[in-house]
Number of protein chains: 2
Amino acid sequence: MKTIEVDEELYRYIASNTRHIGESASDILRRLLKLESQKTEPSAEPAPAGVQGEGVRRMLDAGTLAAQDSAIERFMTILSVLYRDNPAAFAQASDIKGRKRIYFADSEAALLAAGNTTKPRAIDGSPYWVITNTNTGRKRNIVTQLMAAMGYAHGLIERVSQSI
Amino acid sequence: MKTIEVDEELYRYIASNTRHIGESASDILRRLLKLESQKTEPSAEPAPAGVQGEGVRRMLDAGTLAAQDSAIERFMTILSVLYRDNPAAFAQASDIKGRKRIYFADSEAALLAAGNTTKPRAIDGSPYWVITNTNTGRKRNIVTQLMAAMGYAHGLIERVSQSI
DNA sequence: GAGGCGATCGTCGGGATATTTT
DNA sequence: ACAAAATATCCCGACGATCGCC
């Protein structure tokens, strides 16, 4: 696997062409470029425990979060990183919900249907949407629940949710 | 700039479509995907701390600004000096934007496209354009954000933006 | 586009807090 | 009735761009 840099807009364009949950950038690009698909393994196996959280830690350390100036931006960044860290686990975990509202869905409409003025937003680099009309406490809560369901260590969960 | 992973073969495919030396992955992909090209900014290294701000201080001390009789002229002069002081950092920093409008671009059209009556102006001695239809407070704001992103010291930022 | 500038006021987004539900 | 959790209204500050003034 090689790493390349693409600008924000292009990144979003690629992400928006995701056909199924967990699809990799390579797969999407190959389809868009009409190249012969090379079987990329459906990356479903749980990440080896030692590795889990690599990307997340990098985000914390890089100060990416501290740079954002609103809770909502930090929230969205975290979700985006979490998704990329382990799409399969994210998919599993994302069915957490509140009393009436659902927090994640693969379409804006689904979120709008389950509550009033939920202000859904697309999670960058993923096929998912989240609810956004919540206070900061609940945003922390959502991240905590999500990460717990994805199997992250307690300490890391704490660090991440406090950084919102 | 976002980072994505692509498999070896795809990477080679992209690389093989390079049209000119130094072309970025984004540019190549945009061409292959037939997307509107967006100039990719040359990646900048932070300026050596000691030198940063030389030209800016000179401008302040020379009273060049005080001589101008409108905020907009002082604004344009400052931007021009900032660009020359560190073109690479300026390029990095110039992606700051408002709710709808973008503040800087390398073409008039890009600015016109992102807002109504933005009154773009070319920044002297640079390939950039700025938005101009703002009150003085926002002009100060833009300069403050820009300089902060370029890594100038707080005190200097303050002096400059107050001089508008 | 072509008169230039920018204050003023309308609009929008963030998220704390009041309200509702369990 | 009380507390805790969840919802979503609504206030405040930030941003946009019209339009009045020179």
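Naming convention: chains lettered A, B, ... in sequence-line order (proteins, then strands); numbering from 1 in each chain.
If you check every strand for non-hydrogen atoms under 4.0 Å, B/Glu73 touches nothing. Among the atoms of the strands shown, only primed sugar atoms or phosphate atoms (P, OP1, OP2) are found under 4.0 Å from some heavy atom of A/Lys100.
Between A/Asp69 atom CG and C/dG15 atom C1' there is a gap of 14 Å when expressed in whole angstrom units. In this structure, A/Ile164 places its CD1 atom 15 Å from P of C/dG14, rounding to the nearest Å. Rounded to an integer number of Å, the gap from CD1 of A/Ile72 to P of D/dA8 is 16 Å. Between the CD1 atom of B/Ile131 and the C1' atom of D/dG16 there is a distance of 9 Å, rounded to whole Å. The CD1 atom of B/Ile96 sits 16 Å away from the P atom of D/dA14 (whole-angstrom rounding). If you measure from atom CZ of A/Arg140 to atom P of C/dG15, you get 11 Å, rounded to the nearest angstrom. Atom CD of B/Glu108 is separated from atom P of C/dG1 by 10 Å (rounded to the nearest Å). For A/Gln68 and C/dG14, the CD to P distance is 12 Å, given to the nearest whole Å.
Under 4.0 angstrom from either OP1 or OP2 of D/dA6 there lies no side-chain N or O belonging to A/Arg101. Checking the phosphate oxygens (OP1, OP2) of C/dC5, a side-chain nitrogen or oxygen of B/Arg121 falls inside 4.0 Å.
The stretch residues 132-152 of chain B participates, sequence neighbours left out, in no salt bridge (Lys or Arg N to Asp or Glu O under 4.0 Å) pair at all.
Between B/Arg159 and B/Asp61 there is a salt bridge, since a side-chain N of the basic residue sits under 4.0 Å from a carboxylate O of the acidic one. The residues B/Asp69 and B/Arg74 are annotated as not salt-bridged, no charged nitrogen and carboxylate oxygen being separated by less than 4.0 angstrom.
Few gaps surround OH on B/Tyr13; more than 12 heavy atoms of other groups in view lie less than 6.0 Å from it.
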What N/O pairs connect the protein and nucleotides 7-11 of chain C at under 3.5 Å? Give each pair on its own line.
from: C/dA7; atom 1: OP1; to: B/Thr136; atom 2: OG1; distance (Å): 3.3
from: C/dA7; atom 1: OP2; to: B/Thr136; atom 2: N; distance (Å): 3.1
from: C/dA7; atom 1: OP2; to: B/Thr136; atom 2: OG1; distance (Å): 3.4
from: C/dT8; atom 1: O4; to: B/Asn135; atom 2: ND2; distance (Å): 2.9
from: C/dT11; atom 1: O2; to: B/Arg99; atom 2: NH2; distance (Å): 3.1

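Between C/dC5, D/dT7, D/dA14, one nucleotide has an atom nearer to the side chain of B/Lys119 than all others, and that is C/dC5. Of the candidates D/dT18, D/dA8, D/dA6, D/dA6 carries the atom nearest the A/Tyr103 side chain, counting heavy atoms from C-beta on. Closest to the side chain of B/Thr117, out of C/dG4, D/dT7, D/dA17, is D/dA17. Closest to the side chain of B/Asn116, from the set C/dG15, D/dA17, D/dC15, is D/dA17.
The shortest side-chain heavy-atom distance between B/Gln92 and B/Met150 does not fall under the 4.5 Å cut-off.
Ring orientation note: the planes of B/Phe90 and B/Phe104 are nearly perpendicular, at an angle over 60° on the 30°/60° scale.
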Validation: residues 112-120 of chain A side-chain donor-acceptor distances under 3.5 Å, sequence neighbours left out:
none

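Separating the P atom of C/dA18 from that of D/dA1 is a span of 22 Å, rounded to the nearest Å.
Across B/Ile14 and B/Ile28, no two heavy atoms sit closer than the pair O-CG2, 3.5 Å.
Of the two residues contacting DNA chain D, namely B/Lys97 and A/Thr118, the nearest-nucleotide position lying further toward the 5' end is that of A/Thr118.
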